Amino acid sequence: MNRKIKTIFLMLILIVIGCNRSSNTKNTKNQLRYINFIPNFEKELSELKSDEISTLNKATDLFKDYISKSHNNSQKDSLFMPYFNHYNLGRVLLKNEAENIINNYGFKKIQKEEKEYLVPVQSDYLEANVITYLSEPMKKFCRQQLKEFNDSEDLETIASNALWWEKFNAENPNFFLKEMTNYHYKNWHLKNLISGTRTVKVFRENDKLTDQAETVYLRIVANNPESDTAKIIKEYLVLLEKNNMTRSGGVQEFINNYK
């Protein structure tokens, strides 16, 4: 009887060990599949021809194929940037095509500094084929990025975008592209809001703050008093007032902190 019990006990141990090995092998395969998910997608994208318009649809089909294989939102969201980098080939591939074909693929012709460019914009093509599969934060991120490609160049728009990115970052503290969204806020829109750009001037030739800049700054402080952007602009205005609204004293040093 004791020998029979010992035999059964040993068999149970062997079964448990066998199950654990099988489970561990399965988990290892799943982990490898997860680790290689994005690299495999990038590899397959790189193997598509890059000199034919058809590559745009092939990349989109590949994206949707990988979406169907994904296990969570994190994987789905991570597919977007490699896809979008490939999709941007359309800026070159479509430049000599008819406008309706350009628009069908989600691009638009714009004139900038006497040159013509194609830029990706909010479109049915990207919404239906790509953005619809992403998480809600990633959808907002994509739509804002696409909107900004087609934005008008004025200080009001820059201010609006700075406030948008600040709010997005606050609402999505664990967003996987956090470094990029922080850059969009501080090193792009906030910097441009404070120092201006080549085409959007915040100071006149005599280094005095423009009336438009002052109006935009005061509106930010009045309408968004609790935002970090408003607090920074308020500090900036106080410094400007001490220097007769000119780029002198510590004003340039303040500007340099956001370059």
Side-chain angles (χ1 to χ4, degrees), residues 81 88 91 108-122 137-138 140-259:
M81 292 308 294
N88 262 318
R91 301 173 85 158
K108 179 181 177 180
K109 282 185 180 179
I110 63 166
Q111 294 283 341
K112 191 173 182 181
E113 297 179 0
E114 299 182 356
K115 292 183 179 180
E116 191 173 75
Y117 300 90
L118 291 189
V119 296
V121 293
Q122 291 174 301
M138 193 63 183
K140 292 178 181 178
F141 170 87
C142 294
R143 288 166 183 155
Q144 179 68 13
Q145 289 272 68
L146 292 167
K147 180 192 84 69
E148 289 182 15
F149 282 126
N150 195 37
D151 269 348
S152 58
E153 293 189 23
D154 59 79
L155 201 62
E156 195 76 59
T157 300
I158 292 171
S160 175
N161 287 336
L163 289 163
W164 191 94
W165 285 109
E166 179 189 340
K167 183 180 179 183
F168 180 87
N169 287 336
E171 291 176 347
N172 302 280
N174 299 316
F175 189 62
F176 82 109
L177 294 174
K178 186 71 173 176
E179 187 174 332
M180 182 184 291
T181 60
N182 279 332
Y183 181 90
H184 274 294
Y185 171 59
K186 184 177 180 181
N187 300 94
W188 188 252
H189 295 299
L190 185 60
K191 176 185 80 69
N192 290 340
L193 181 61
I194 289 169
S195 61
T197 69
R198 282 194 305 167
T199 56
V200 181
K201 306 297 182 183
V202 297
F203 290 99
R204 300 187 183 94
E205 290 184 4
N206 63 359
D207 278 348
K208 192 172 182 67
L209 191 72
T210 66
D211 292 340
Q212 185 203 22
E214 185 174 3
T215 298
V216 171
Y217 292 164
L218 290 171
R219 188 176 297 134
I220 290 171
V221 173
N223 295 344
N224 308 273
E226 299 304 314
S227 69
D228 289 341
T229 304
K231 291 170 185 175
I232 291 167
I233 293 300
K234 187 175 182 179
E235 182 183 352
Y236 189 32
L237 283 170
V238 169
L239 187 58
L240 282 163
E241 287 169 0
K242 289 180 180 178
N243 290 277
N244 203 26
M245 305 305 281
T246 61
R247 185 163 46 189
S248 57
V251 173
Q252 188 58 52
E253 184 179 345
F254 184 93
I255 293 171
N256 291 342
N257 287 334
Y258 294 92
K259 284 189 174 180

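All values derive from a computational prediction rather than experimental measurement.
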Enquirer: Does a side-chain heavy-atom distance below 4.5 Å link Leu146 with Phe149?
Expert: yes
Enquirer: Would you call Trp164 and His189 a side-chain contact if the rule is heavy atoms closer than 4.5 Å?
Expert: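 No - every pair of side-chain heavy atoms lies 4.5 Å or more apart.
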Enquirer: Where is the tightest heavy-atom contact between Ala213 and Leu155, given as atom of each residue plus distance?
Expert: CA-CD2, 3.5 Å
Enquirer: Please report the interatomic distance CG(Asn257) to OG(Ser195), rounded to the nearest 0.5 Å.
Expert: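 Interatomic distance, Asn257 CG to Ser195 OG, rounded to 0.5 Å: 11.5 Å.
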Enquirer: Verify, without hydrogens or angle tests, whether Arg204 (side chain) and Thr210 (backbone) share a donor-acceptor contact under 3.5 angstrom.
Expert: no
Enquirer: My understanding is that only residues two or more places apart in sequence, or in another chain, count here; which of them pass side chain to side chain donor-acceptor pair (under 3.5 Å) with Gln252?
Expert: Asn256
Enquirer: Search all heavy atoms of Gln122 against all heavy atoms of Arg143 and return the closest pair with its distance.
Expert: NE2-O, 3.5 Å
Enquirer: Decide yes or no for Ile232 and Leu190: does some side-chain heavy atom of the first lie under 4.5 Å from some side-chain heavy atom of the second?
Expert: yes
Enquirer: Could you name each residue pair satisfying salt bridge (charged side-chain N to carboxylate O under 4.0 Å, His left out) that touches residues 187-196, not counting sequence neighbours?
Expert: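 Every candidate salt bridge (charged side-chain N to carboxylate O under 4.0 Å, His left out) pair involving residues 187-196 fails, so no pair, neighbours aside, qualifies.
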Enquirer: Could you tell me if the side chain of Val200 sits less than 4.5 Å from the side chain of Asn192, heavy atoms only?
Expert: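 Not touching, per the 4.5 Å side-chain cut-off.
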Enquirer: Show your reasoning for whether side chain to side chain contact (heavy atoms under 4.5 Å, CB included) applies to Val251 and Leu240.
Expert: CA-CA 7 Å; Val251 173; Leu240 282 163; 3.9 Å; yes
Enquirer: Considering residues, nucleotides and ligands other than Glu179, do more than 12 of their heavy atoms fall under 6.0 Å from its CD?
Expert: no
Enquirer: Side-chain contact, heavy-atom cut-off 4.5 Å: Leu177 with Met81?
Expert: yes
Enquirer: Can you list every pair that meets ring-ring contact (aromatic ring centres under 6.0 Å, His included) and has a residue in residues 192-230, with sequence neighbours left out?
Expert: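 Those involving residues 192-230 are Tyr217-Tyr236.
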Enquirer: Holding to side-chain contact (heavy atoms from CB on, under 4.5 Å), I want the full list of residues that pass it with Asp151, two or more places apart in sequence or in another chain.
Expert: Lys147, Glu148, Thr157, Asn161
Enquirer: Work out which heavy atom in Asn243 is nearest to a heavy atom in Gly249; give both atom names and the distance.
Expert: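 Shortest heavy-atom separation between Asn243 and Gly249 comes out as OD1-CA, 3.4 Å.
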Enquirer: Is the number of heavy atoms from other residues, nucleotides or ligands under 6.0 Å of Trp188 CH2 greater than 12?
Expert: no
Enquirer: What is the minimum heavy-atom distance between Leu218 and Leu237, and which atoms define it?
Expert: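 That closest heavy-atom pairing would be CD2-CD1, 3.9 Å.
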Enquirer: Nearest 0.5 Å please: distance from the OG1 atom of Thr197 over to the CD1 atom of Ile158.
Expert: 5.0 Å
Enquirer: Enumerate the residue pairs fulfilling salt bridge (charged side-chain N to carboxylate O under 4.0 Å, His left out) with a member in residues 239-256, sequence neighbours excluded, ordered by first and then second residue.
Expert: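 Checked against salt bridge (charged side-chain N to carboxylate O under 4.0 Å, His left out) - neighbours excluded - the pairs reaching residues 239-256 are Asp207-Arg247.
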Enquirer: Shortest non-hydrogen contact from Ala159 to Val216?
Expert: CB-CG1, 3.9 Å
Enquirer: Counting neighbours of NZ on Lys208 that are heavy atoms of other residues, nucleotides or ligands and sit closer than 6.0 Å, is the number greater than 12?
Expert: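 Result for NZ/Lys208: enclosed.
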Enquirer: Where do Leu239 and Gly250 come nearest, in terms of heavy atoms and distance?
Expert: CD2-O, 3.5 Å
Enquirer: Within the structure provided, determine whether Thr229 and Leu193 are in side-chain contact (heavy-atom separation under 4.5 Å).
Expert: yes
Enquirer: State the CD-CG distance between Glu214 and Leu209, to the nearest 0.5 angstrom.
Expert: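 So the CD of Glu214 and the CG of Leu209 are separated by 6.0 Å.
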Enquirer: Throw together a table of side-chain donor-acceptor distances under 3.5 angstrom for residues 167-175, partners on residues two or more places apart or in other chains.
Expert:
| unit_1 | atom_1 | unit_2 | atom_2 | d |
| --- | --- | --- | --- | --- |
| Asn169 | OD1 | Thr181 | OG1 | 2.7 |
| Asn169 | ND2 | Trp165 | O | 3.2 |
| Asn169 | ND2 | Thr181 | O | 3.4 |
| Asn169 | ND2 | Asn182 | OD1 | 3.3 |
| Asn172 | ND2 | Phe168 | O | 3.0 |

Enquirer: Kindly indicate whether the side chain of Glu156, heavy atoms from C-beta on, has any atom under 4.5 Å from the side chain of Thr215.
Expert: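 No - every pair of side-chain heavy atoms lies 4.5 Å or more apart.
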